[in-house]
Amino acid sequence: MSGEGDFQEMAASVPPALKAITLTHVRYHRGDKVGLFLAWVSLIPVFISLGGFISHFLFRRDLQGICFAAGLLVSQFLNELIKHSVAQSRPASCELLETCDSHGWPSSHAQYTFFFATYLSLLVLRRSPASRVMASLSWPLAFLTMLSRVYLGYHTVPQVFAGAVVGLVFGAIWYWIANTILAEYFPMIEESTIGRWLYIKDTSHIANVLKFEYDNARAARKKVATD
């Protein structure tokens, strides 16, 4: 028995050699329905990236959407740069979750969702009322994401507010960059060899893209029917 006890004590003192990737490994207290809901909310950045922008590129290939996705990547790089520069620890509660290897200030989840909400809102200001309604839904999701990171114990309140501010400010800055500097190159990219090969297009000059595509799809169907 003493040999078994010595072995267990030795095993406990040796750090594990392997570590899991915790991209979607969000923990909550068993039986906590609010925690379960907020754990799913905490995965919103993953859903946006995988379900939104990848499918957008596959099926739409719009330059504005590509710039949007590029901005989110730059925002995440900026987040990592700030985190490593400030090197602020996460809250003590995060140690119990065993997923606190990175620094906590600012929250990358809050920065991501507030960048997304800011850019999307600015993008649809001059578009259809339906688009503006859809953009307005991103703000409650952004605030819920902030709440989820604090409630689940991954961040402190100042850390999520810092992420929200950085995301909001950088989202506005990136929108200006994309629509004043980068937009000048949209026609060139659209007419380039790779642009034509990948069917990359610019629809930023169209006020209601959904109606434009709907009208053109109907016109094409009628033309096929009459030929």
Side-chain angles (χ1 to χ4, degrees), residues 19 21-26 38-39 41-57 62-91 94 97 99-125 135-186 189 200 204:
K19 179 180 179 299
I21 296 175
T22 55
L23 179 64
T24 61
H25 195 184
V26 180
L38 292 177
V41 168
S42 189
L43 295 176
I44 285 174
V46 178
F47 298 146
I48 291 174
S49 299
L50 299 181
F53 286 109
I54 292 179
S55 62
H56 180 279
F57 180 78
D62 183 78
L63 280 167
Q64 189 66 248
I66 293 172
C67 283
F68 197 167
L72 282 167
L73 291 176
V74 175
S75 177
Q76 290 306 104
F77 174 79
L78 177 64
N79 178 269
E80 290 297 322
L81 187 64
I82 297 173
K83 276 185 176 178
H84 282 85
S85 299
V86 177
Q88 185 182 100
S89 299
R90 291 176 183 260
C94 196
L97 301 169
T99 55
C100 295
D101 296 331
S102 62
H103 300 299
W105 195 98
S107 163
S108 59
H109 282 70
Q111 183 173 326
Y112 188 105
T113 51
F114 272 81
F115 178 102
F116 179 84
T118 301
Y119 194 102
L120 182 62
S121 297
L122 292 172
L123 184 62
V124 302
L125 276 178
S136 67
L137 297 177
S138 64
W139 290 101
L141 292 177
F143 281 102
L144 274 174
T145 302
M146 284 178 61
L147 174 63
S148 74
R149 302 307 287 174
V150 176
Y151 184 92
L152 296 172
Y154 289 93
H155 287 285
T156 63
V157 172
Q159 288 172 353
V160 295
F161 270 102
V165 171
V166 174
L168 193 152
V169 172
F170 187 67
I173 292 173
W174 187 260
Y175 176 83
W176 179 83
I177 292 173
N179 289 275
T180 56
I181 299 175
L182 300 181
E184 295 183 5
Y185 299 95
F186 283 2
I189 297 171
I200 293 174
S204 56

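What you see below is based on every heavy atom in this structure, not just the backbone, and it leaves out hydrogens, waters and symmetry mates.
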Within a strict 4.5 Å, meaning less than it, do heavy atoms of the Phe77 and Leu73 side chains meet? no

Distance (rounded to the nearest 0.5 Å) between Trp139 CH2 and Thr113 OG1: 9.0 Å

Enter the distance from Leu141:CG to Ser148:OG here, rounded to the nearest 0.5 Å. 10.5 Å

Distance in Å, Ile173 CD1 paired with Thr118 OG1, rounded so as to fall on 0.5 Å steps: 11.0 Å

Hey, what do you get for CG (Leu63) to CG (Leu182), rounding to the nearest 0.5 Å? 10.0 Å

Can you spot which of Gln111, His155, Gln159 makes a side chain to side chain contact (heavy atoms under 4.5 Å, CB included) with Pro106? Gln111

Does any part of the side chain of Ser107, heavy atoms only, come nearer than 4.5 Å to the side chain of Tyr112, both counted from C-beta? no

Heavy-atom closest contact (Ala172 atom, Leu122 atom, distance): CA-CD1, 3.9 Å

Check Phe68, Trp176, Phe114 against Tyr119 for a ring pair (Phe, Tyr, Trp, His ring centres under 6.0 Å) and give me the one that passes. Phe68

Among side-chain atoms of Thr156 and Trp105, is any donor-acceptor pair under 3.5 angstrom? no

What is the distance from atom OH of Tyr154 to atom OG of Ser108, rounded to the nearest 0.5 Å? 12.0 Å

Could you measure the distance from the CG atom of Leu123 to the SG atom of Cys67? Nearest 0.5 Å is fine. 10.5 Å

Side-chain contact test, heavy atoms from C-beta onward, threshold under 4.5 Å: evaluate it for Val166 versus Asn79 and give yes or no. no

Listed by chain and number, what are the side chain to side chain contact (heavy atoms under 4.5 Å, CB included) partners of Phe170, not counting sequence neighbours? Val74, Ser75, Leu78, Phe115, Trp174

